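Heads up: the structure comes next, in structure tokens.
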Amino acid sequence: MRIARITGTATATVKDPKLSGLTLLVADIVDGAGKVLDPAVVVADACSAGVGDLVLVVSGSAARVAARTGGLPVDMVAAAIIDHIDIRA
Amino acid sequence: MRIARITGTATATVKDPKLSGLTLLVADIVDGAGKVLDPAVVVADACSAGVGDLVLVVSGSAARVAARTGGLPVDMVAAAIIDHIDIRA
Amino acid sequence: MRIARITGTATATVKDPKLSGLTLLVADIVDGAGKVLDPAVVVADACSAGVGDLVLVVSGSAARVAARTGGLPVDMVAAAIIDHIDIRA
Amino acid sequence: MRIARITGTATATVKDPKLSGLTLLVADIVDGAGKVLDPAVVVADACSAGVGDLVLVVSGSAARVAARTGGLPVDMVAAAIIDHIDIRA
Amino acid sequence: MRIARITGTATATVKDPKLSGLTLLVADIVDGAGKVLDPAVVVADACSAGVGDLVLVVSGSAARVAARTGGLPVDMVAAAIIDHIDIRA
């Protein structure tokens, strides 16, 4: 999984029918200190995240295993809002 | 998922039979401001996108979950035409 | 998917039994102008491609959906011979 | 698979229900000599690893094949604690 | 797929039970001339490869399709020992 900071939203009217009702969040993949590693991914919201939140991004077929996105054509979901990252080593 | 700008098309006569009838679009993966992050991917059209459109690209096995490309040998589809990206953070 | 130029072949005698009979092609992932983006991938041939051909490479589990490679342990196939790439934007 | 050094932990209260009870470890992907190749991935613990441990990271759908994480929305697990890496060539 | 040179081995006592009995090989992903493109991946042996061998690495869910690693939590296998790479273009 990856740590990401939600930076915005994307809206789409013309889309695959199974994407209807999903919230599409734009996010930057970051490291434990917030440094951007990979910018501007789009994640489906599976944990009621909002702009500014630090989230856990689950990618690949696992994105279709989350409760809110089961069976949908998505390859990245925000599956958890990260409360705290504790780097000790 | 990724944001991409459609830049052109690819045509192929000799191909896997399941690819028949699919529109193959060439696209650049971009960030929220349009900067190219990864050039020249090929996506199957699943949302009637055309050259110049900004689209949502779904990759991996999720590409076979979209309505128009179910069960086809594709690993990237344009699943939505992006109307607007709102970056706030 | 990706655009690739076939540059050679690979041969293997000792191999997983399901790989028997497959043609293994060495290819460079390129952009629309032929610039190498990622060198020296190995793709299973699913479209009778040969050295010098520009092909459409399908990756991941989708490689096992192509007609010639169904159920085989391959993660990249040449699924089509590209006739023409038309970049307009 | 990849070699990774566990550097910390991540905690999340608001999350997909299937993530409940999982330990989320932050890790750096490293080479055989410990050089960081890719920082700050998050792996689900499937081998009772802790901070400082060198682990084997399994990614993609294989992460849902490990005994402790079967069927969960995770794309990376720490599947083994590496005792020793022997580089000879 | 990718070409890789086996450079060593990894050993693990504490591990997911399904990894028992597998040989874990450390390898560098290389191009056709042997130049390292991506160092220090770990592959499960599915073709009796050893240190110094040039192998074909199959990644992703396809790694669970090889005869020796079916259903195991692995995402990369050495599926063939490469005898010869012939680059002509």
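Computed from a predicted model, the values in this text were never measured in an experiment. Naming: A, B, ... by sequence-line order, numbering from 1 per chain.
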> Which residues, numbered in order, of residues 11-22 of chain B come under 4.5 angstrom of chain C by heavy-atom distance?
Replying inline: Thr11(B), Ala12(B), Thr13(B), Val14(B), Lys15(B), Asp16(B), Pro17(B), Lys18(B), Leu19(B)
> Is any residue of residues 74-86 of chain B within less than 4.5 Å of chain C by heavy atoms, and which ones?
Replying inline: Val74(B), Asp75(B), Met76(B)
>> Go through it in stages, so that I can follow the logic: the residues are Arg2(C) and Val41(B), the test is side chain to side chain contact (heavy atoms under 4.5 Å, CB included), and I'd like the CA-CA distance, side-chain angles, deciding distance and then a yes or no.
In response: CA-CA 5 Å; Arg2(C) 284 288 183 175; Val41(B) 299; 3.5 Å; yes
> Do any of residues 29-37 of chain B come closer than 4.5 Å to chain C, heavy atom to heavy atom, and if so which ones, in number order?
Replying inline: none
> Does any heavy atom of chain C fall under 4.5 Å from the side chain of Leu24(B), the backbone, both, or neither of them?
Replying inline: side chain
> Between Ala44(B) and chain C, which part of the residue has a heavy atom less than 4.5 Å away: side chain, backbone, both or neither?
Replying inline: both
> When rounded to the nearest 0.5 angstrom, what is the spacing between CG in Asp28(B) and CD1 in Ile87(C)?
Replying inline: 7.5 Å
>> As an exercise: rank Cys47(C), Ala46(C), Ser59(C) by heavy-atom pairs under 4.5 Å with chain B and give me the winner.
In response: Ser59(C)
>> I'd like to check the side-chain contact (heavy atoms from CB on, under 4.5 Å) partners of Ser61(B); sequence neighbours left out, ordered by chain and number.
In response: Ser61(A), Arg64(A), Arg64(B), Ser61(C)
